[in-house]
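First up is the structure itself, then whatever we jot down about it.
If you're wondering where the values come from, they're calculated on a predicted model, not measured in any experiment. Numbers here are sequence positions counted from 1. Values reported hereafter were calculated over all heavy atoms of this structure, with side chains retained and with hydrogens, waters and symmetry mates removed.
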Amino acid sequence: MRPETLIQLLGLASTLSAATAFTSIDPLVARRPRTHSCPALQSTTNPLAINVNEIAERDIESFERWSNEVGIQKAPGFVLKSADRYSKNVYAMTVQDVASGSPVLYVPEELIFSSNKAMAAYRTPEMAAAERQLETFDSVSELRQYYLMVQLLVEIERGTDSPWYPWLNSLPRYFENAVSMSSFCVNCLPPLMRKLNEKERGNQQSLNEWAFSKVPYLSDETKANEALIKWVYQIVYTRSFEWEGDLRIVPMGDMFDHTSNGSPEVMPWYDEYGNYYAYSQFDIPAGSPLRMTYGHETRPSFLLARYGFLDEEGQATHCKLIFENVDDDLVELGYSEERMLFYSTGEVSEEVWDVLLYRFLDQTNNVMEKQTLMNAFRNEDYDTKNMLHETYYPYTSAMLMEHIDNFLVELDKLQKKAETIGKVEVYVKNEHPRLPLIMRHNEFIKDAFLKVKSMYSPDENWRDATMRVTVLECNIDECAEAECVVDEMGNWECEGGLGYNEDGTERATSKTIMQYE
């Protein structure tokens with residue numbers, strides 16, 4: 001018996017009649033697990049009936065008919081709409097008003113692809129050699145996605161014999177994420193985005209055809225089909241979402257686009273039997289898209305790298321401060337992509353200021369004040385921490401402005417590089433179709449940085465100023481004051497203080513700023 005027989009598409013004809021009203025579904029009523037098989041669809045002599053070429057047409061019409069036949073229920077007015085003439089992007093919307101708290105979509109558990117179910121069916125002793133391949137590629141962490149890919153590939157091999165064929169043939173072929181970008185596009189990305197891009201592309205390469213070469217449930221043709229395996233990778237990584245540790249792909253539920261505006265129109269939910277529901281979170285007017293959240297609301301660069309769209313609704317973006325040497329204290333203060341944020345208002349997250357202050361104290365060898373900062377942070381002593389920020393604000397703000405200016409210069413260089421071919425519309429469309437999206441991303445990030453610069457540096461000539469600083473230098477035996485000048489580039493020149501030892505090292509073991517002008 002082939003393992004796929006363990007994953008049956010159970011029919012709903014005996015439990016849900018065609019006349020069953022969607023509004024009658026009550027998630028609070030316990031449901032009896034179903035045990036009836038769905039009749040097989042028409043067979044084909046072509047085991048790979050899905051054309052995965054990125055210009056292949058998506059068959060949305062057949063998918064919608066299929067969804068009605070197998071028990072997927074939609075609210076009145078729920079429709080699928082294409083954002084372009086070629087159906088590259090198809091999304092859910094409503095053409096009727098939807099009241100708050102209403103069921104918008106119901107998908108039976110038997111239709112849902114699940115990493116738990118895939119692993120239960122296919123993770124057999126015969127897969128030991130295949131899993132060793134994953135260890136070779138250092139991809140054991142991707143085991144759930146791997147088995148989802150195995151299950152999808154098995155169903156694709158069945159062609160139109162697969163009960164899921166209409167859904168499979170409706171899936172997108174064209175992507176604009178990191179995995180799909182050309183080398184030229186990658187080189188037009190700023191550093192953090194390039195890093196995310198490399199991670200995504202590296203992950204896909206570790207789950208290429210070699211990773212599936214030992215899978216006993218796939219034909220040799222499938223295991224050697226690089227384009228097919230790459231396409232299945234894209235489907236799994238862009239359409240699966242986690243629920244209680246299980247990665248799930250929900251046919252029709254995967255048509256909800258993402259929003260980061262804080263108020264997605266729908267919220268997914270599963271009942272105790274694993275059936276999927278989407279409920280409206282507020283009154284939705286006719287003509288509105290039906291969207292959920294994919295998470296990562298403050299990571300537009302990640303959303304672009306993973307899913308291939310620019311999230312311009314997000315309330316924040318990473319500040320792009322990247323340090324080579326990061327100690328545990330910096331991580332504790334909030335040095336991470338999710339917390340080091342520039343907000344759409346132009347404000348800067350507290351973590352950015354904490355990290356900049358720590359870096360400044362570290363660079364000036366101010367061990368005492370650095371420890372004071374960490375103690376205040378750990379003890380939630382906001383008064384002491386704020387006093388430190390006020391004292392050193394001229395320097396941390398100068399560090400922030402320098403970072404912003406340097407990053408803006410880098411962005412301008414990248415935009416000019418993209419523009420060398422970006423204006424040749426026909427060439428871009430044929431050779432680098434993702435380039436316009438990358439240019440929009442770079443402009444989006446530039447606007448965010450300019451808002452921060454405008455808020456914290458109303459005087460655009462901030463670099464022309466120099467600061468005079470009185471510093472108290474101390475060691476275990478004595479202290480002495482030094483008079484210092486900090487120029488527009490952040491360079492220090494000091495007179496006085498404790499001076500230097502014979503070997504050229506500084507005698508001071510701590511430095512404390514007493515006052516500044």
Given Trp167 and Phe113, is the ring pair (Phe, Tyr, Trp, His ring centres under 6.0 Å) satisfied, shown in steps? CA-CA 12 Å; Trp167 170 70; Phe113 283 81; 5.2 Å; yes
Could you check Glu297 against Thr293 for side-chain hydrogen bond (donor to acceptor under 3.5 Å, both in side chains), going step by step and ending with a plain yes or no? CA-CA 8 Å; Glu297 288 88 350; Thr293 176; 2.6 Å; yes
Could you check Val79 against Tyr91 for side chain to side chain contact (heavy atoms under 4.5 Å, CB included), going step by step and ending with a plain yes or no? CA-CA 8 Å; Val79 297; Tyr91 62 93; over 6 Å; no
Flag the pair Pro268 / Tyr276 as yes when at least one side-chain heavy-atom distance between them is below 4.5 Å, and no otherwise. yes
Should we count CD of Glu57 as having more than 12 external heavy atoms under 6.0 Å? no
Less than 4.5 Å apart, side chain to side chain, heavy atoms only: is that true for Thr259 and Met292? no
Ionic contact status for Glu226 with Lys230, cut-off 4.0 Å: no
Any salt bridge between Asp246 and Arg144, counting N to O under 4.0 Å? no
I'd like to check Ser82 versus Asn89 (side-chain heavy atoms, cut-off strictly below 4.5 Å). Are they in contact? no
For a quick test of reading the model, state the closest non-hydrogen atom pair linking Met119 to Leu143 and the distance between them. CE-CD2, 3.7 Å
Would you find a donor on one side and an acceptor on the other, under 3.5 Å apart, between the side chain of Trp66 and the backbone of Pro163? yes
Identify the heavy atoms of Leu196 and Ala305 that sit nearest to each other, and give their distance. CB-CB, 4.1 Å
Of all heavy-atom pairs between Arg339 and Ser349, which one has the smallest distance, and what is that distance? O-OG, 2.9 Å
For Phe282 and Ser263 the tightest heavy-atom approach is CE2-O, 3.4 Å
Any salt bridge between Glu131 and Arg123, counting N to O under 4.0 Å? yes
Measuring only between side-chain heavy atoms, which start at C-beta, is Tyr343 closer than 4.5 Å to Val348? no
State whether a side-chain donor-acceptor pair under 3.5 Å links Ser301 with His441. yes
Say whether, by atom type as modelled, one donor and one acceptor occur between the side chain of Asn68 and the main chain of Glu64 under 3.5 angstrom. yes
May I ask you to say whether Glu419 pairs ionically with Lys416, meaning some side-chain N is under 4.0 Å from a carboxylate O? no
Is there side-chain contact between Leu168 and Ser162, with at least one heavy-atom pair below 4.5 Å? yes
No-hydrogen, no-angle side-chain donor-acceptor test under 3.5 Å, Thr124 and Tyr217: yes
Main chain of Ser219, side chain of Glu157: is a donor-acceptor contact present, judged purely on distance under 3.5 Å? yes
Does the Trp231 side chain pair with the main chain of Pro172, one donor and one acceptor, at a distance under 3.5 Å? yes
Counting only N and O atoms by type, is there a donor-acceptor contact under 3.5 Å from the side chain of Asn197 to the main-chain atoms of Arg194? no
Taking all heavy atoms of Met181 and all of Cys185, pick out the closest pair and write down the distance. CB-CB, 4.1 Å
Check whether Lys320 reaches the backbone of Leu192 with its side chain - one donor and one acceptor, N or O, closer than 3.5 Å. no
Without hydrogens or angle criteria, can the side chains of Tyr237 and Glu142 be said to hold a donor-acceptor pair below 3.5 Å? yes
May I ask you to check if Lys223 and Phe212 form a cation-pi contact, with NZ or CZ under 6.0 angstrom from the six-membered ring centre and within 45° of the axis? no
Just by modelled atom types, is the Val236 backbone N or O under 3.5 Å from a matching donor or acceptor in the Ser240 side chain? yes
Heavy-atom neighbours of Glu313 CD exceed 12 at 6.0 Å: yes
So, Asp412 and Lys446, do they make that salt bridge, N to O below 4.0 Å? yes
Side chains of Tyr174 and Glu176: donor-acceptor distance under 3.5 Å anywhere? yes
Between Ser213 and Gln133, a side-chain donor and acceptor under 3.5 Å: yes
Exam field: side chain Asp283 to backbone Ser100, donor-acceptor pair closer than 3.5 Å: yes
Between Glu126 and Lys214, is there a salt bridge with N-O shorter than 4.0 Å? no
Look at the aromatic rings of Tyr294 and Tyr307 and report parallel, tilted or perpendicular, splitting at 30° and 60°. tilted
Parallel, tilted or perpendicular: which one describes the rings of Phe407 and His403, with boundaries at 30° and 60°? tilted
Might you point out which heavy atoms bring Asp311 and Gly314 nearest each other, and give the distance in Å? OD1-N, 3.6 Å
Would you please test Glu347 and Lys451 for salt bridge (charged side-chain N to carboxylate O under 4.0 Å, His left out) and show each step? CA-CA 8 Å; Glu347 295 176 297; Lys451 284 181 181 178; over 6 Å; no
Any Val232 side-chain heavy atom under 4.5 Å of Ile156 side chain: yes
Non-hydrogen side-chain atoms of Ser115 and Tyr147 separated by less than 4.5 Å: no
Gln234 and Asn177: CA distance, side-chain angles, deciding distance, side-chain hydrogen bond (donor to acceptor under 3.5 Å, both in side chains) verdict: CA-CA 9 Å; Gln234 293 275 48; Asn177 57 3; 2.7 Å; yes
In terms of heavy-atom contacts, does CH2 of Trp210 have more than 12 from other residues, nucleotides or ligands at under 6.0 Å? no
Verdict with supporting geometry, Glu61 and Arg65, salt bridge (charged side-chain N to carboxylate O under 4.0 Å, His left out): CA-CA 6 Å; Glu61 184 178 347; Arg65 284 199 306 270; 3.4 Å; yes
Side-chain donor-acceptor pair under 3.5 Å between Gln415 and Asn442, yes or no? yes
May I ask you to decide if Ser67's main-chain N or O and Lys74's side chain share a donor-acceptor pair within less than 3.5 Å? no
Regarding Thr222 and Asn225, do their side chains bring together a donor and an acceptor under 3.5 Å, going by distance alone? no
Should Arg434 and Glu54 count as an ion pair when the cut-off is N to O under 4.0 Å? yes
Asp138 atom CG, over 12 foreign heavy atoms within 6.0 Å: no
Short question: side chain of Ser139, backbone of Phe137 - any donor-acceptor pair under 3.5 Å? yes
Kindly indicate whether the side chain of Arg291, heavy atoms from C-beta on, has any atom under 4.5 Å from the side chain of His258. no
With a distance cut-off below 6.0 Å to the six-membered ring centre and an angular limit of 45° from the axis, does Arg248 pair with Tyr270 as a cation-pi contact? yes
